[in-house]
Structures are given as structure tokens and as C-alpha cells.
Student: 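Just passing along the structure, written as C-alpha cells.
Just so it is clear, the structure is predicted and the values come from calculations on it, not from any experiment. All chains are named by letter (A, B, ...) in the order of the sequence lines, taking the proteins before the strands, and each is independently numbered beginning at 1.
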Protein chains: 2
Amino acid sequence: MTSAAEIPDTETVPEEPSGGGEPARVAGGIPEATVARLPVYLRALYTLAERGANTVSSDELAACAGVNSAKLRKDLSHLGSYGIRGVGYDVEYLVYQVSRALGLTQNWSVVIVGAGNLGRALANYGGFLTRGFQISAILDSDPSLVGRPIGPVTVRHVTELESVITSNSVAIGVIATPAGTAQVVCDRLVAAGVTSILNFAPLVLNVPDGVDVRKVDLSIELQILAFHAQRRFAERFGQESDSAAEA
Amino acid sequence: MTSAAEIPDTETVPEEPSGGGEPARVAGGIPEATVARLPVYLRALYTLAERGANTVSSDELAACAGVNSAKLRKDLSHLGSYGIRGVGYDVEYLVYQVSRALGLTQNWSVVIVGAGNLGRALANYGGFLTRGFQISAILDSDPSLVGRPIGPVTVRHVTELESVITSNSVAIGVIATPAGTAQVVCDRLVAAGVTSILNFAPLVLNVPDGVDVRKVDLSIELQILAFHAQRRFAERFGQESDSAAEA
DNA sequence: CGTTGTTTGTGAACGAATGCACAAAGTGCT
DNA sequence: AGCACTTTGTGCATTCGTTCACAAACAACG
């Protein structure tokens with residue numbers, strides 16, 4: 001759930017109505033729910049490729065990705081018709097097509113703001129940033145952290161934010177600061193031209209239209225888990241004292 | 001979109017059909033999409049309470065939470081009818097009701113497995129674990145980390161996993177290990193009785209029915225951002241070379 | 001070449017989520 | 001008490017997402 005339901009926060013510019021009864025088909029033609037699953041498929045494909053698989057059926061790939069095979073096929077059908085009936089999908093070719101659809105054939109420059117525990121974890125997580133992303137800088141306001149090497153870069157002072165962004169044409173900003181400074185950092189990122197932001201600070205960021213914010217929030221996830229745990233608990237034993245089931 | 005969309009992974013046990021035309025109403029009566037937003041409302045309510053607000057209208061609260069006010073009212077209506085027409089909601093009372101709905105009136109015991117950068121970040125993030133959650137232990141397999149104090153606890157060896165869980169009646173496990181060991185850790189958590197798992201490792205965990213897994217995955221979020229960034233880019237300038245828009 | 005078996009791609013039914021728009025229900029002023 | 005104003009709670013239409021089930025397309029083999 002999510003993503004949650006995740007759960008989308010994008011402000012998508014609506015296209016012309018385009019007649020049909022299809023499920024929306026925003027510009028780019030790929031529904032949000034599908035976009036959120038493509039990275040999962042991509043990871044499964046890489047795993048399969050490492051195992052030496054040349055082709056894969058929708059059933060196998062769906063099992064690896066933890067989804068139902070009909071959903072997988074419908075998702076992939078939004079990218080084009082890249083399967084072979086009676087055989088399956090060519091792994092390498094599908095990797096390329098999914099990557100292209102996600103925009104990973106170009107390299108994206110990322111700046112991380114905040115070199116605390118979380119920022120360090122992100123910068124060090126080589127596995128995360130393998131393909132398509134490159135950390136241009138990690139910034140912090142604490143002078144005692146500046147100059148310290150973390151992962152592929154060294155910490156720079158947050159005053160350099162604007163110059164780092166313009167000189168590296170950074171398109172994605174990651175906010176790993178405390179909640180108190182997150183909005184200020186966000187405003188500066190946006191003013192400097194960043195239109196994609198990944199927010200780890202526990203607050204709702206305010207951004208103008210045209211800026212895409214995604215949030216990752218531990219406490220929210222924990223609370224959702226707590227809800228389900230409580231529900232399971234109440235189901236197993238009798239109903240709780242006063243649930244919302246009164247007439 | 002996190003969650004957005006985030007995106008559900010729960011195996012919910014369907015209740016009796018219950019007749020009506022309402023949107024599903026799983027056991028507990030609260031739709032998934034609503035559950036995912038309740039923590040956001042709760043945080044906004046705490047912020048408002050700190051500012052000294054006694055009551056709040058759906059418009060204000062919706063603005064704080066970054067959603068549409070009709071959606072907010074519909075969400076809250078699933079908990080019961082706790083507003084006063086013409087006035088709004090009593091902040092303190094609503095905090096209590098939302099907390100109760102989420103199962104935060106009891107304390108949940110959490111164990112973090114993996115004391116690397118990420119595990120340390122989580123254990124130190126006091127802001128995350130304020131209300132309703134308590135870190136019972138943080139575990140790692142690296143002997144050089146054992147004994148080191150992190151946040152409210154000290155690192156213990158992962159061999160103690162089972163005993164920690166049973167003696168603290170831990171209900172929630174957080175996996176902050178590398179991908180290679182995540183499944184093994186997961187299996188051990190499940191075998192020890194944990195039914196709620198928050199997974200930070202970049203892989204799809206395999207769990208039996210009745211276990212609830214939520215994942216937090218940086219690379220997926222980045223890839224979704226990249227997709228939208230690419231789309232915006234292609235929209236601004238002419239269409240890309242070959243999009244999927246052929247007849 | 002036809003037949004059998006496999007797997008994709010998708011039409012169509014269903015189910016969930018969103019947002020509008022308004023009646024119902026309250027406050028406060030005169 | 002009556003009236004004007006505010007805000008909740010919800011029925012309804014619409015959009016979005018999932019799943020089923022099957023025809024179309026291909027491989028393999030005799």
C-alpha cells in the first residue's frame with residue numbers, strides 16, 4: 001500500500017480529452033499506477049538477467065515482481081507490444097524498453113541536502129543509485145561536516161546549493177534535513193530550477209505547479225502498519241470495546 | 001504518489017458482503033486510501049494544536065494536509081461523525097479519534113534489524129517515533145557494532161532476534177539490511193511471530209498470508225520522479241524521437 | 001501443412017477512489 | 001423566536017485501477 005499506495009501527489013497537466021474510454025492516458029500514455037510498478041519490474045528483470053535468463057514469461061516476471069500476471073501484461077502493453085506470443089519477453093530488450101519509458105536512458109543529476117544520518121545513508125547506498133542517477137553533491141549547513149567524504153562525493157556547504165544546481169544542471173533534489181528547514185530548502189531548490197523533489201522530512205511541502213514532489217515518511221508507514229496490526233488483532237479476538245460500528 | 005500512491009500490498013481478509021454500494025469497507029470499515037492519509041491528518045492536527053488552535057474547519061485542515069476538503073471530510077466520516085456543523089472539528093478530540101482509529105492508543109514495540117547508516121538514521125530519528133512506537137532493539141550481525149549506543153538503545157547481535165521479539169512482544173519489524181540478507185531476516189521475523197514488516201531493502205519480500213509488508217524504496221521513488229521529469233521535458237520541447245504514439 | 005500447445009494483448013465487467021454539489025444541522029445576531 | 005451564515009456529511013456521477021477470460025499470434029512437431 002501505498003504507495004502507497006503509495007499514493008500519488010503529482011500535479012499532472014491534463015491533455016486534450018482524446019475521446020476514448022481508456023483509463024485517462026495522461027500525456028506520455030502511461031497511467032500513474034503503472035509507472036509506480038515499472039521500477040519493480042525493472043529490478044526483477046535485472047535479477048533475471050544476472051541469472052542468465054534470455055526470455056521470461058509474464059507469469060514468471062509477475063511472480064518475481066509480486067504482482068498478478070494480467071496486471072503485468074497490461075502494464076507492459078502501455079509501453080508497446082514487446083512480447084512474443086507463445087514465448088514471452090526478451091529480457092534484455094524489455095530492460096531497455098522499460099528503462100527508456102522511465103527516462104533512465106539519460107543520466108539524472110541528483111543533489112542531496114542534509115548530511116545527517118539519513119543523508120549519509122542515501123549517499124552511501126551505492127545499490128540505490130546504480131543506473132541512471134548520479135549524485136552531484138551532498139550539502140549541509142553544519143561547518144563541521146563540510147569537507148567530509150561521503151560515498152562518491154564530499155560534503156559542501158549549503159550556501160553552494162544554487163551554484164551546484166546550475167553548474168551540474170541538477171534536475172532532482174533530495175531533502176534529508178530536519179522538518180524545520182525543509183520548506184526553506186525546498187523553496188531554494190525550486191527557485192534554482194529543480195522540478196523534481198524527493199522529500200524525507202516529515203511535513204507537507206508547499207510547491208508551485210509544475211514541481212513534482214514525492215515523499216518518503218517512516219512514521220506514516222509505521223502508522224499504516226499499526227492500523228492493520230490492530231485490525232488483525234481485533235479480528236482474531238472479539239471486537240474491541242467501541243468500534244465505529246454503531247447504528 | 002508515494003505512496004501513493006504508494007501502493008497497497010496488503011492481503012485483506014474480506015468481510016461479509018454487507019449489502020450496500022459503498023466502496024468496499026473492509027473489516028474495520030476504513031478504505032485503504034483513507035488509512036494512508038490519516039497519518040498526514042494526524043500530523044497536521046498536532047501542528048495546529050501546538051499553534052494553540054482549539055477547532056479547525058475541514059478547509060483549513062485540508063490545506064495543511066495538502067488535500068481537497070471534500071476528500072478530507074469523506075475520510076473523517078469513515079471514523080464517525082466527529083465534526084460540528086457550522087464550527088468544524090475539535091482539534092484535541094479529533095487527534096484522539098484519529099489516533100484510536102490508527103491503533104496508536106496502544107504502544108507498539110519495534111525492532112530494527114541492521115545498524116548500518118540507514119538503521120542508525122532510523123533509530124536516531126526521534127521525531128519519527130514520538131507517539132505510539134517504541135524501539136525495543138536494534139540488531140546487527142557485525143560484532144564491531146554490538147554494544148554501540150544508538151538513539152535510545154544499544155546495538156545487540158542479530159542472534160538475539162528471537163529472544164528480543166518474544167520478551168518484548170514486538171509486533172513490528174523494520175528491515176534495514178542489505179538486500180542479500182533481507183529475506184532471511186524477514187523469515188526469522190515471521191517465524192518469531194512478527195506480522196507487520198517495514199522493508200527498506202531493495203527487493204520484493206516473500207511472506208506467508210497474514211503478514212503485512214510495506215516497502216520504502218529510494219530507487220523506485222527516484223525512477224518515478226525521472227519519469228515525470230522526462231515527460232515534462234518532452235512536453236515543453238517537441239515530442240521525443242519515438243514515443244509510443246504511433247497508430 | 002495442419003494440429004496442438006503456449007503465451008501475449010485486450011475487451012469488458014467490476015470495484016475503488018475522487019470530487020461536485022447540496023441538504024441537514026448547527027451558530028450567532030437581532 | 002426568526003433569520004442569515006457557516007460548515008459538515010453524503011448521494012451521485014465520473015474517473016481510475018484491477019481482474020477475468022478469451023481471441024489472436026506465434027512455436028514446435030509430426
Side-chain angles (χ1 to χ4, degrees), chain A residues 1-12 14-15 17-26 29-37 55-63 66-90 93-94 97 244, chain B residues 1 3-10 12 14-15 17-26 29-37 55-63 66-90 93-94 97 244:
Chain A
M1 355 181 148
T2 101
S3 223
E6 267 25 309
I7 299 271
D9 263 343
T10 32
E11 322 276 320
T12 49
E15 200 81 334
S18 91
E22 283 287 283
R25 307 279 300 220
V26 288
I30 306 182
E32 269 307 306
T34 295
V35 172
R37 283 186 295 264
T55 64
V56 64
S57 72
S58 63
D59 270 331
E60 294 174 78
L61 185 53
V67 302
N68 153 327
S69 73
K71 180 157 31 178
L72 173 81
R73 287 198 299 275
K74 182 149 289 188
D75 282 342
L76 292 183
S77 77
H78 288 117
L79 312 189
S81 191
Y82 300 131
I84 304 171
R85 298 180 189 222
V87 176
Y89 300 88
D90 182 274
Y93 186 50
L94 194 54
Q97 289 298 345
Chain B
M1 13 182 129
S3 53
E6 275 30 66
I7 299 266
D9 263 344
T10 31
T12 49
E15 200 81 333
S18 92
E22 282 288 280
R25 309 278 301 220
V26 288
I30 305 181
E32 269 307 306
T34 294
V35 172
R37 281 186 296 265
T55 65
V56 64
S57 72
S58 63
D59 270 331
E60 294 173 78
L61 186 53
V67 302
N68 155 327
S69 74
K71 180 157 30 180
L72 173 81
R73 286 198 299 276
K74 183 152 290 188
D75 283 342
L76 292 184
S77 77
H78 288 117
L79 311 190
S81 191
Y82 301 132
I84 304 170
R85 299 179 189 223
V87 176
Y89 300 88
D90 182 274
Y93 186 50
L94 195 54
Q97 289 297 345

Student: Would you indicate which nucleotide in dT19(D), dG17(D), dC20(C) comes nearest to any side-chain atom of N68(B)?
Tutor: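 Per side-chain heavy atoms of N68(B), the pick is dC20(C).
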Student: Rounded to the nearest angstrom, tell me the gap between atom NZ in K71(A) and atom P in dT8(C).
Tutor: 17 Å
Student: Just the rounded figure in Å: distance from P of dT18(D) to NE2 of H78(A).
Tutor: 10 Å
Student: Determine whether Y89(B) and I84(B) satisfy the following criterion, side-chain contact (heavy atoms from CB on, under 4.5 Å), listing intermediate values before the conclusion.
Tutor: CA-CA 6 Å; Y89(B) 300 88; I84(B) 304 170; over 6 Å; no
Student: Rounded to whole Å, how long is the line connecting atom CD of E32(B) with atom C1' of dC16(D)?
Tutor: 17 Å
Student: Should S58(A) be listed as having a side-chain N or O under 4.0 Å from OP1 or OP2 of dT8(C)?
Tutor: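 For dT8(C), OP1/OP2 do have a side-chain N/O of S58(A) under 4.0 Å.
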Student: Looking at S81(B), I'd like to know whether one of its side-chain N or O atoms comes within less than 4.0 Å of OP1 or OP2 on dG9(D).
Tutor: yes
Student: Would you kindly say whether T55(A) and D90(A) are connected by a side-chain donor-acceptor distance under 3.5 Å?
Tutor: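 Distance-only check fails for T55(A) and D90(A).
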Student: Please give, in whole Å, the distance from dC16(D) P to R37(A) CZ?
Tutor: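 Rounded to the whole Å, the gap is 15 Å.
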Student: So, for S58(A) and S69(A), which heavy atoms are closest and what is the spacing to 0.1 Å?
Tutor: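 Result for this residue pair: O-CB, 3.9 Å.
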Student: Nearest to the side chain of R73(B), which nucleotide is it out of dA17(C), dG9(D), dT8(C)?
Tutor: dG9(D)
Student: With sequence neighbours left out, write down each residue that passes side chain to side chain contact (heavy atoms under 4.5 Å, CB included) with T34(B), or none if nothing qualifies.
Tutor: I30(B), P31(B), R37(B), L38(B), D75(B), H78(B)
Student: Do S77(A) and R73(A) have side chains that approach each other closer than 4.5 Å (heavy atoms only, starting at C-beta)?
Tutor: no
Student: With ring centroids as reference points, do Y82(B) and Y93(B) lie under 6.0 angstrom apart?
Tutor: yes
Student: Could I get a table of every N or O pair under 3.5 Å where one atom is in the protein and the other is in nucleotides 24-29 of chain D?
Tutor:
residue	atom	partner	partner atom	Å
dA24(D)	N3	R85(A)	NH1	2.8

Student: How long is the line joining CG of L61(B) and P of dT7(D), in whole Å?
Tutor: 14 Å
Student: How many Å lie between CG on L72(B) and P on dT18(C), as a whole number?
Tutor: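 Between P of dT18(C) and CG of L72(B): 12 Å.
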Student: Quick one: is K74(B) getting a side-chain N or O under 4.0 Å of the dT10(D) phosphate, OP1 or OP2?
Tutor: no
Student: Ignoring backbone atoms, test whether Y89(B) places a side-chain nitrogen or oxygen under 4.0 Å from the OP1 or OP2 oxygen of dG26(C).
Tutor: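 Answer no for this pair, as no side-chain N or O of Y89(B) is under 4.0 Å from OP1 or OP2.
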Student: S77(A) has a side chain; which of dG9(D), dT10(C), dA17(C) sits nearest to it?
Tutor: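 Between dG9(D), dT10(C), dA17(C), the one nearest the side chain of S77(A) would be dT10(C).
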Student: Side chains of L76(A) and L94(A), heavy atoms from C-beta outward: is any pair under 4.5 Å?
Tutor: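 The answer is yes; the side chains approach within 4.5 Å.
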Student: Take atom CG of D90(B) and atom C1' of dT8(D), then tell me their distance rounded to the nearest Å.
Tutor: 15 Å
Student: Y82(B) has an atom OH; how far is it from atom P of dG9(D), in whole Å?
Tutor: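 For the pair Y82(B) OH and dG9(D) P, the rounded distance is 11 Å.
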